[in-house]
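Worksheet: one structure, shown below.
What you see below is based on every heavy atom in this structure, not just the backbone, and it leaves out hydrogens, waters and symmetry mates.
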Amino acid sequence: MKQLSIHWNNWANDLDPYGMQRLLFYKCCYIASLLMIVNIIYKPDVFSAYFWPPLMMFLTYESPLVIRNKDRLHGLIIVYVTCLIGSVSFYLLFSYKIIFSIYALLFYFIYFYLSSRYWKDITNAIFSICFVSSSIMVVKPELSLQVALDIFMSIILSLVVVIIGIKTFPNYYISIWKRAFRLFILEIVKEIDGNFSNEVNVLIYKNIVSHLNLTRLVRHRIAKRHLRSSVYCTVYIRNMHIALQYVAFEQVEISFWHYIRNNLDGFQKSIATNCTYQMTTDYYNANITHEHQIIINDLVKSIRFWNKLCLIKSRFIQLACLYTLAILLYRFTTIPHSRWIFSTVVVLLAANNPGIMYQNSYLRGIGTIYGVILFIPLVYLFQINYKLIPFMLFIFAICHDSCPPKRHDIMVMFMTIIVFMLNSFTDVKSSVMEGPISTVIKRLVCVLIAICLCVVGDYIFFKKYNYSQKLYAFYQRKICSILSNQLRNIL
């Protein structure tokens, strides 16, 4: 069974190396399922008007000529509206043979003229429009306004279902970009191997151009959360390839070529397995040239952005696991003031940079502890007169908003005091019955539990990637190279 699966994947990759047709097949199955469900529920009166437009017009949306998602949707709506006008008018004029023939020719030429003048990407859709309109015009009975209205409503219903299917289907174009990007790197590796053997293969250059063009074509359809990292990955590898072609005309060290070749090969293997990659550091030369430094720079930057793409999934899993665990501790344990565990986890996980949030989480934890300790004297003050709470609340809110953005500890300290004050203002009885010291100690224990959860989660999900080492290893080497050059110039 495993061998059959391997043969199937190899066959599919040979026919569809980028996975575009497979993604289109999944999307078509999803929209067809929605159309079937809506057909069972609403039962449109003219089934041909409900069935044919999605079948013929959806390919206009997936046309490679229209690149941007916004333009694709606008083009689909324009084609659908034209099909709606043609279907209704063809049905009403079909009984008048001469008038219908003249109108059909005028309809064809007017659409072709307007589309070729204002929107050339949807010009070829005229054949699908004419086919759908001619299929619907033979609906019986003839010349019925009620049937024409049913045709109109059926086409509108199919358009609404298709748009809902397009909007709700997940955006998997990042997988197409990954395949094209991996093949692009693989062809560069083959080109380097050819340089070792002094063989020039023109087909390699052709494949490189085709893979690079596809990464550029797909970038407009990638989700926004992946767009920046994917674009920078492609740009830096392209720049590295251009620098490699320039260096190929010079006499270079074999060790440098092996270093670049091995890292590119490992990089493309990590892309195939959707995991992060860490560059090897077995090559270092104090007399490294400027061109070599540019090539290594671009490769390191591309790998760094790829690692960010991989860490998005780990970040989501980390948030889901820690939020779920915090809610379970809050709802299904007898820990006093367990709601503070969940609220503290939410605050600590607010760091923006996945994989290097340890320092921010540490500062937030320290700020929370400072806030809890500083709130102890305020509890005694508030028990004397609770009317001071609103006054002090505004003061601490102003202090929180006035803090510098990088001082997470001070911001969280003021936020912790504000939350304590709001809780004391709304839950006076429990605070008085427990006492200030007991309340603060119990909440401090909950805060420490939340800090431990966040630190353990950050270690489990991101420590194995050594993300910070990947970001700073190259810069350490770069500083060493700059210092050695300066010393050589001085001496």
Side-chain angles (χ1 to χ4, degrees), residues 5-6 8-37 54-55 57-77 121 160-186 210-235 237 267-277 302-303 305-320 354:
S5 176
I6 294 174
W8 169 262
N9 290 331
N10 293 334
W11 176 76
N13 291 330
D14 291 337
L15 293 179
D16 185 22
Y18 305 123
M20 297 184 66
Q21 300 303 319
R22 279 170 279 183
L23 180 60
L24 180 60
F25 173 74
Y26 299 147
K27 186 181 290 188
C28 290
C29 290
Y30 176 73
I31 294 177
S33 301
L34 292 181
L35 289 169
M36 181 185 66
I37 294 172
L55 181 64
M57 304 303 166
F58 181 70
L59 295 178
T60 303
Y61 179 81
E62 294 296 333
S63 174
L65 299 176
V66 187
I67 299 177
R68 301 181 183 275
N69 288 329
K70 186 177 180 180
D71 296 338
R72 296 163 69 200
L73 185 60
H74 290 171
L76 178 65
I77 294 175
D121 297 332
V160 172
V161 174
V162 169
I163 293 177
I164 292 174
I166 291 172
K167 292 296 184 181
T168 57
F169 188 78
N171 190 334
Y172 289 124
Y173 280 101
I174 187 64
S175 62
I176 298 176
W177 173 86
K178 288 179 182 179
R179 291 173 179 269
F181 185 59
R182 175 182 170 271
L183 292 174
F184 174 53
I185 297 177
L186 190 60
S210 63
H211 299 325
L212 182 60
N213 286 338
L214 188 66
T215 57
R216 293 173 175 172
L217 176 66
V218 176
R219 73 178 185 270
H220 297 287
R221 304 182 183 182
I222 297 175
K224 290 183 179 180
R225 63 181 180 275
H226 300 143
L227 181 60
R228 182 174 180 270
S229 297
S230 60
V231 169
Y232 277 113
C233 273
T234 308
V235 169
I237 289 294
F267 188 22
Q268 65 89 15
K269 289 179 181 177
S270 67
I271 296 174
T273 55
N274 286 324
C275 62
T276 57
Y277 179 71
S302 180
I303 293 174
F305 282 105
W306 165 254
N307 291 337
K308 285 186 178 181
L309 279 176
C310 294
L311 291 174
I312 291 175
K313 183 179 179 180
S314 298
R315 174 68 168 169
F316 172 77
I317 297 174
Q318 181 204 26
L319 294 177

Just jot down the salt bridge (charged side-chain N to carboxylate O under 4.0 Å, His left out) partners of Arg22, sequence neighbours excluded, or say none. Asp16

Not counting sequence neighbours, list each pair that qualifies as a salt bridge (charged side-chain N to carboxylate O under 4.0 Å, His left out) and has a residue in residues 171-186. none

Taking atom OH of Tyr61 and atom CG of Leu24, what is their separation to the nearest 0.5 Å? 11.5 Å

Shortest non-hydrogen contact between Gly165 and Tyr30, atoms and distance: O-CE2, 3.4 Å

Working to the nearest 0.5 angstrom, can you tell me the gap between Leu34 CG and Met36 CE? 9.0 Å

Interatomic distance, Leu23 atom CG to Cys28 atom SG [nearest 0.5 angstrom]: 9.5 Å

For a side chain to side chain contact (heavy atoms under 4.5 Å, CB included) check, start with the C-alpha distance between Arg72 and Ile166, then their side-chain angles and the critical distance, and finish with the verdict. CA-CA 11 Å; Arg72 296 163 69 200; Ile166 291 172; over 6 Å; no

Correct closest heavy-atom pair for Leu227 and Arg219 would be CD1-O, 3.0 Å

Would you please name every residue forming a ring pair (Phe, Tyr, Trp, His ring centres under 6.0 Å) with Tyr18, sequence neighbours left out? His211

Any sub-3.5 Å donor-acceptor pair from Arg221's side-chain atoms to Tyr173's backbone N or O? no

Is it the case that the side chain of Ser229 and the backbone of His226 share a donor-acceptor pair, with hydrogens and angles ignored and the cut-off at 3.5 Å? no

State the CD1-CZ distance between Ile222 and Arg225, to the nearest 0.5 angstrom. 11.0 Å

Distance in Å, Ile31 CD1 paired with Ile164 CD1, rounded so as to fall on 0.5 Å steps: 11.0 Å

Tell me if the CZ atom of Phe25 is crowded by more than 12 foreign heavy atoms within 6.0 Å. no

Are the side chains of Trp306 and Ser270 in touch, meaning some heavy atoms are under 4.5 Å apart? yes

For a side chain to side chain contact (heavy atoms under 4.5 Å, CB included) check, start with the C-alpha distance between Lys167 and Leu73, then their side-chain angles and the critical distance, and finish with the verdict. CA-CA 10 Å; Lys167 292 296 184 181; Leu73 185 60; 3.7 Å; yes

Side chain to side chain, Leu35 and Pro54, heavy atoms closer than 4.5 Å: yes

Please tell me if the side chains of Ile237 and Leu212 come closer than 4.5 Å, counting only heavy atoms from C-beta onward. no

If you apply the rule side chain to side chain contact (heavy atoms under 4.5 Å, CB included), what do you find for Ser302 with Tyr277, and how did you get there? CA-CA 11 Å; Ser302 180; Tyr277 179 71; over 6 Å; no

Check whether any side-chain heavy atom of Cys233 sits under 4.5 Å from a side-chain heavy atom of Trp177, and report yes or no. yes

Value for OH (Tyr232) from CZ (Phe305), rounded to nearest 0.5 Å, stands at 6.0 Å

Can you tell which of Val235, Leu183, Val231, Thr234 makes a side-chain contact (heavy atoms from CB on, under 4.5 Å) with Thr215? Thr234

